[in-house]
Structures are given as C-alpha cells and as structure tokens.
Peer 1: 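Following this message is one structure expressed as structure tokens.
In this text, all values refer to a predicted model and were calculated from it rather than measured experimentally. Order of the sequence lines fixes the chain letters, A, B, ..., with proteins taken first and strands second; residue numbering starts at 1 for each chain.
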Number of protein chains: 2
Amino acid sequence: MPDTPLPTEERPDTRERLLDAAEQLFAERGVTATSLRAVTKAADANLAAVHYHFGSKEELLSAVVARRVRPINEERLRLLDRLQAGSGDRAADLDEILSALLLPMIRETGRNPERVPTFTRLMGRVLTDMGTGTHALVVHHFAEVLQRFAAALSRALPHLTPEEIAWRLHFCIGTMAFTLVHSPHLAEMSRGLCRSHDADRVMEQMIPFLAAGFQAPSSIDEEAS
Amino acid sequence: MPDTPLPTEERPDTRERLLDAAEQLFAERGVTATSLRAVTKAADANLAAVHYHFGSKEELLSAVVARRVRPINEERLRLLDRLQAGSGDRAADLDEILSALLLPMIRETGRNPERVPTFTRLMGRVLTDMGTGTHALVVHHFAEVLQRFAAALSRALPHLTPEEIAWRLHFCIGTMAFTLVHSPHLAEMSRGLCRSHDADRVMEQMIPFLAAGFQAPSSIDEEAS
DNA sequence: GTTTGAATCAAACGAACGTTTGAAACCGAG
DNA sequence: CTCGGTTTCAAACGTTCGTTTGATTCAAAC
C-alpha cells in the first residue's frame, strides 16, 4: 500500500500515545467526562492498555500531570533561584517573581503553536476540578513551589502580612487557572477583544494586573489612615 | 408514632427539595460526578421526579443556577444603577463597581451561616466546568451583566483600551470563581492563613487586590515611557 | 361517588462506565 | 527453533448512569 505512512518511521510507545491522548481529551472535555474508551481509541491502543501501563484512570491522570508539571516546577524554582541570587540582599523584583511563577506554565501554550493549548487547559481543569481525588494530587505537586514563592513574595512585599501574601498568591493562581481553562472561550465571551492564542500577549496583560494587585496597600495600612 | 416530625408543618415542594439537594450535591462533588439517584435520594424523592419536574439532568442544573443567579444579577445591576445615578456625570468609583459585581455573589455565602457555602461553590464550578453544555448556560445568564460592568469600568478607567478592560474583567471573574470553588480548601492549602468562612473577610482581601490590578497602568502608557 | 389531571412510585430499559481476564502475538536470548 | 517475559488483544465482568414506562395515589371538581 503506497499510503502506508513511512513504515520505517517509528511512532511513539503505546504508553506515550496514551499520555498524549489522555492529555488532549482530559483538557478538552474534563477528566470525569472523558472515558478510557475514548482515550484508548484516540491513542489507537487497546482498552486494557491503560490498566496495563498505569493501573487505573486516576494513576493515568497523575502520570499525565506529572509528566508536564515536573519540568515546569523545576523551571519555576530555577528562575526564582536565579532571581534571588542576582539580587543579592535586595528582595527580588515583584514582576520578575510573578513572571517566574506564571510564565513557565503559560509558555506550555506555545509548544504546539498550531493547535489550541492542551496541557495548560488540563492544568486549569485540575486546579479547579479538585475535590475528588485531584486535590491531593495538586497539593502534592505544588506545595513546595507555593511555599517558595510565598516566601519570596513576602520578602519583596514586607509590609504585607503572611495572611495577605497567602490570599493574593491564591488570587494570582486563580487568575491563571481561569485564564488557562477558558482561553478558547475568552475571545467569544469578550466579543473578540481577548485573543489568547499568544502566550506573550496573555502575560503582557496578566503580569501588570497581578503585580499591581500585589502592590495594593495592606489592609492594616488602610485602617491606620 | 411520637417521633413523627410535626405532621402539620409542611415541608417544601418536591420540586424545591430537588433544587436544594441538587444545588448542594452539584456544589460538593461537581455536576458530572453527581448522579440523579444521589440527588433524588437526598431530596427524599423518587428517581423519576427529576424528569417529571425538569425533563433532564441538564435542565435541572439550569434551574438550579437560574434560581440563584437571577436575583444576584438583578442586585448587581441595581447596585450599579445606583452608583451611576449617584455619581452624576462623574464616573463611578472603582472599588464600588467591583463591590457591586462581586459582593452580591459572595454574600450568598452568608445565607446559611452554619454550613459551608453551597451555591457559591456551585457557581465557581459552573464557571470553570464549562465546555460541555454549561458554557452556553453561563453566557446566557451573564452576558448582560458582563457588558454593563465592562462599560462602567471603561468609564471609570478611561485610559484603558477595551481589550484591557475585557482582560482585567476576566481576571477579576477568574479570581472570584477560583476563590469560591476552593474556599473550603484555601485554609488547608495556605497552612491556615486564609480563613474564608466570612464573606466580608474575603471581600476585604479581594477588593483592594482587584482594584489595584484594574488601576495598573495601561500597556500603552508603559510602552510610551 | 365519580371523574379528572397532577403527582408519585417501583421497576425496568439500554447504554456506557472502569476494570478484569485469559489467551494470542510479539521478540530478543539461549 | 524454543523458550520466557513483555505487550497487545477481544471479550466479558459487574456496576452505575440517565431515561422511560405504566400502574398507583391523591386531592379537588363535578
């Protein structure tokens, strides 16, 4: 058959194809709304392959997340380390801290430039779906990063109480998660004003907004005035 | 039987009990993860009652949302009208615009003070679950409110482009949605720093953050400097 | 008392789900 | 070729899902 696609060119492992397909479908439809039959069909694999390679649907999700989150969090901490090393005793710049937190994740959008971002939407879904079993997964993957960035932000904004740092960090993550999940719908909901295909464009809008939010006066200061 | 609970005291309609139970369970576990059997059991109603009163699970969800969203959006617009009427020709105050947008929804938390907020979490879920059929539902219920508030914000912050207004309004909604969904988990994730049981406390942290974010300089200004 | 329409009920429907099984297919090592 | 372990496969498991059905209950209208 002449149209057989390059028999010498190897296609990825079944395991890898399952991760790719699951990532795509979980992101598009949500985790619970995606059946393993849909995943294995998209991966051109047998239904039982999921349980052979991963053990269960939940462990498949965990593997999908871990595959992408690990390098992202490593880069986050690497960027933060570089910031703190470069700034000596001075606290690192707020914009750069936020950029170190947000950019490594949003940049995933640009990996497959031609198609709508998949993993970023999945992360947004995981960040908002939690409550079932995903909650523990997220805590496990992000606890260290959150702690490091909370400390860095606390040094950069010493007038804020730890409670305020925690609140604003969560607001920050919420903004990112919501934006990631709805990037395909943002254009429609804003009547074409928000074009979220470009990661740099999103960052351009998001960083100043969040940085200004972080720099808002502490509620303690306001009460004292 | 002496323990028969007050036979003269009428309990709500089956229809109402279904709405209550669905609201609670949808909020706790998510929509797709909640079965109609669980809803009807919690409502002490027959399984077929859902289809008799609403027609389908999706229409039940729509009814649950509509029951709460209608008065909330009415109050939002009422507060906005009052702001714009009181400020005459001057643009309304930013903090008050944001408060008019956020407070009516977050206040729902306080309706049943003793129990964890239910509807607010459901709204957060609907705002993040969309992609299936919920998307159209949300657009239908919120299009007018979003448009009105975008116009008000544009008047209060005339230096921002319509695109920037749209982006920041979405960031604002994302912050609210994420906070609402995770209010039960926020305390744990922040190691006890965020106590989100009190709506006023949440607003106290959220309004300054978002107001400062909205007041961030336009990217146009920054490029010009 | 009879009728009528709304409301509730137990029971079942077919479909889809996550998971398990046991046998076939594959493939490098002996 | 034969063997042993890994991987794939078709088929079925038991469960749960949203939905439907047809009989039954009930309260007001006649």
Peer 1: Examine distances only and state if a side-chain atom of B:Glu164 and a backbone atom of B:Thr161 form a donor-acceptor pair shorter than 3.5 Å.
Peer 2: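 Answer holds: yes.
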Peer 1: Write out the stems for DNA chain D, ordered by first number and formatted as range with range, counting runs of at least 3 consecutive Watson-Crick or G-U wobble pairs under 3.5 Å.
Peer 2: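 In DNA chain D, stems of three or more pairs: C:1-27 with D:4-30.
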Peer 1: Would A:Gln24 and A:Arg29 count as a side-chain contact (heavy atoms from CB on, under 4.5 Å) here? Give the steps.
Peer 2: CA-CA 9 Å; A:Gln24 169 106 20; A:Arg29 317 178 186 177; over 6 Å; no
Peer 1: Between C1' on C:dG18 and CZ on A:Phe26, what's the gap in Å once rounded to a whole number?
Peer 2: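 It works out to 12 Å between those atoms.
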Peer 1: For side-chain contact (heavy atoms from CB on, under 4.5 Å), just list the numbers for B:Phe54 and B:Leu19, CA-CA rounded to whole Å, side-chain angles, deciding distance to a tenth of an Å, and then say yes or no.
Peer 2: CA-CA 10 Å; B:Phe54 300 98; B:Leu19 287 173; 3.7 Å; yes
Peer 1: Once you round it to whole Å, what is the distance between C1' of C:dT8 and CG of B:Leu18?
Peer 2: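 Computing the B:Leu18:CG to C:dT8:C1' distance gives 12 Å.
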Peer 1: Output yes when A:Arg67 and A:Glu16 qualify as a salt bridge under the 4.0 Å nitrogen-oxygen rule, no when they do not.
Peer 2: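 Between A:Glu16 and A:Arg67 there is a salt bridge, with a charged N closer than 4.0 Å to a carboxylate O.
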Peer 1: B:Arg17 and side-chain hydrogen bond (donor to acceptor under 3.5 Å, both in side chains): which single residue from B:Asp20, B:Asp13, B:Thr14 fits?
Peer 2: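 Answer to the side-chain hydrogen bond (donor to acceptor under 3.5 Å, both in side chains) test with B:Arg17 among B:Asp20, B:Asp13, B:Thr14: B:Thr14.
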Peer 1: Go through residues 44-54 of chain A and report each residue with a non-hydrogen atom lying under 4.0 Å from DNA chain C, sorted by number.
Peer 2: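 Of all residues in residues 44-54 of chain A, the ones placing a heavy atom under 4.0 Å from DNA chain C are A:Leu47, A:Ala48, A:His51.
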Peer 1: Quick one: A:Glu16 CD to D:dT8 P, roughly how many Å, whole number?
Peer 2: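 A:Glu16 atom CD is separated from D:dT8 atom P by 13 Å.
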Peer 1: How many whole angstroms separate atom CG of A:Leu36 from atom C1' of C:dG18?
Peer 2: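 Atom-to-atom, A:Leu36 to C:dG18, this comes out as 6 Å.
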Peer 1: Is the backbone of A:Asp95 close enough, under 3.5 Å, to the side chain of A:Ser99 for a donor and an acceptor to pair up by distance?
Peer 2: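 Pair absent, no side-chain N/O of A:Ser99 close to backbone of A:Asp95.
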Peer 1: Rounded off to whole Å, could you give me the CD-to-C1' distance for the A:Glu58 and C:dT19 pair?
Peer 2: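 Roughly 14 Å, once rounded to whole Å.
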Peer 1: Just to confirm, is there a sub-4.0 Å distance from OP1 or OP2 of D:dT7 to any side-chain nitrogen or oxygen of A:Thr14?
Peer 2: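 No, outside the criterion.
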Peer 1: In chain order, what residues pass the ring-ring contact (aromatic ring centres under 6.0 Å, His included) check against A:Phe171, with sequence neighbours excluded?
Peer 2: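 For A:Phe171 the ring-ring contact (aromatic ring centres under 6.0 Å, His included) partners, ignoring immediate neighbours, are A:Trp167, B:Phe209.
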Peer 1: Atom NZ of A:Lys57 to atom P of C:dC17: distance rounded to whole Å?
Peer 2: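 Distance, rounded to whole Å: 9 Å.
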Peer 1: Would you mind classifying the nucleic acid contact of B:Thr34 as base, sugar-phosphate or nothing, using non-hydrogen atoms under 4.0 angstrom?
Peer 2: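 Sugar-phosphate only.
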Peer 1: Does A:Glu144 have more than 12 heavy atoms from other residues, nucleotides or ligands lying within 6.0 Å of its CD?
Peer 2: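 Atom CD in A:Glu144 is not packed in, count stays at 12 or less.
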Peer 1: Please check the phosphate of C:dC17 (OP1 and OP2 only) for any side-chain N or O of A:Ser35 closer than 4.0 Å.
Peer 2: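 Answer yes for this pair, as a side-chain N or O of A:Ser35 is under 4.0 Å from OP1 or OP2.
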Peer 1: With a 4.5 Å cut-off on side-chain heavy atoms, are B:Met176 and B:Thr179 touching?
Peer 2: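 No - every pair of side-chain heavy atoms lies 4.5 Å or more apart.
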Peer 1: Could you give the CZ-to-C1' distance, from B:Arg37 to C:dC9, as a whole number of Å?
Peer 2: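 It works out to 14 Å between those atoms.
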Peer 1: For the pair made of CZ in B:Arg29 and C1' in D:dT16, what is the distance, rounded to whole Å?
Peer 2: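 To the nearest whole Å, that distance equals 14 Å.
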